[in-house]
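In each ligand, atom 1 is the first atom listed, and ligand 1 is the first ligand listed.
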Amino acid sequence: MGDTALMSDVLELVDVSVVREGRALIEQVSWSVKEGERWVILGPNGAGKTTLLNVASSYLFPTTGTVSILGDRLGRVDVFELRPRIGVAGVGMAEKLPRRQTVLQTVLTAAYGMTATWQESYEDVDEQRARAFLDRLGMTEYLDRRFGTLSEGERKRTLIARALMTDPELLLLDEPAAGLDLGGREDLVRRLGRLARDPIAPSMIMVTHHVEEIAPGFTHVLMIRQGKVLAAGPLELELTSRNLSRCFGLPLVVEQQGERWTARGLPLG
Ligand SMILES: Nc1ncnc2c1ncn2[C@@H]1O[C@H](COP(=O)(O)OP(=O)(O)OP(=O)(O)O)[C@@H](O)[C@H]1O
Ligand SMILES: [Mg+2]
């Protein structure tokens, strides 16, 4: 059990910095994610988004500051007990997974907290779960395909199914729509939207570069630039042209249409 005072917090960062080679990759970040909130992290290349997700997933310890994840304080909790409660789908994960494994095996191995099939004796119930998650992500036709032969979009959907396999309380997605074509992006946004609105789905935090990738059901945004938080709060309040322009360092206009967002640069002159 964690600190009782923080039990309702999914994530609580206080003055967190990560310093490497004398440079702060993230600096004095204070951020709290409550149950039921679904956050988008926006920021330019190199802003510190992946670093922040690595802290939130307990794989990276901050240089200074305190981090509580799912009520447990980093540094006091056994991370090997904490990690199965967190689902991660990011660029780094795809590279660690064996290319020759089938899609079904790739998702199944998540249940055992390892990246390779050491033994082939999985429980039927796990296989059923893996099939169900893959079905939800539209991957039923690819169960026997080798992971290494998948297209970018197919790989991303497999990784999300894999991240859901341990029944996580917190789901972290690092640029899940990067590299997808327009149809693939819209398909993924729809699936993420369905997940975001599912009351029994985990808390979600998604890193992206594009406001077009924000699925309906996401509630909050954190904007980061050069390691520092520029804005954090409800989408309706914080995802403004002013904030987005400061975040990306050029004049931008952001618009909300229904439950979707778009942004574009202002013409020069
Ligand atoms: N181990 C490290 N040592 C030194 N610098 C690092 C290390 N890891 C990351 N960085 C640097 O920290 C900065 C933030 O990196 P990070 O990967 O968090 O950015 P990001 O916001 O995810 O960017 P992108 O949008 O390109 O994925 C970058 O300038 C990166 O080069
Ligand atoms: Mg990144």
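At least one N or O atom of Ala47 sits closer than 3.5 Å to an N or O atom of ligand 1. Checked against a 3.5 angstrom limit, the closest N/O atoms of Gly43 and ligand 1 fall outside it.
Judged by a 6.0 Å distance limit and a 45° cone about the ring axis, Arg131 is not positioned over the six-membered ring of Phe133.
Residues Glu259 and Ile214 fail the side-chain proximity criterion, which asks for heavy atoms closer than 4.5 Å. With a 4.5 Å cut-off on side-chain heavy atoms, Met206 and Trp39 do not count as touching. Under the 4.5 Å side-chain criterion, counting only non-hydrogen atoms from C-beta, Pro234 is not in contact with Thr219.
Crowding of Arg190 atom CZ: a count of heavy atoms from other residues, nucleotides or ligands under 6.0 Å exceeding 12.
At a threshold of 2.8 Å, the Mg ion (ligand 2) has a backbone or side-chain N, O or S atom of Thr50 nearer than that distance.
Here the side chain of Glu81 pairs no donor or acceptor atom with the backbone of Asp78 at under 3.5 angstrom.
Protein heavy atom in closest approach to atom 12 (O) of ligand 1: Leu25 CD2, 3.3 Å. The nearest heavy-atom contact from the protein to atom 23 (O) of ligand 1 is Gly46 N, 2.8 Å. For atom 26 (O) of ligand 1, the closest non-hydrogen atom on the protein side is Asn45 ND2, 2.9 Å. Of the protein's non-hydrogen atoms, the one nearest atom 17 (O) of ligand 1 is Thr50 CB, 3.6 Å. With hydrogens left out, the protein atom closest to atom 16 (P) of ligand 1 is Thr51 OG1, 3.6 Å, a heavy atom.
Remark: Ser68 OG to Asp9 CG distance equals 7.5 Å, nearest 0.5 Å.
Here atom 28 (C) of ligand 1 lies nearest to Arg23 when heavy atoms of Glu175, Arg23, Arg20, Gln226 are compared.
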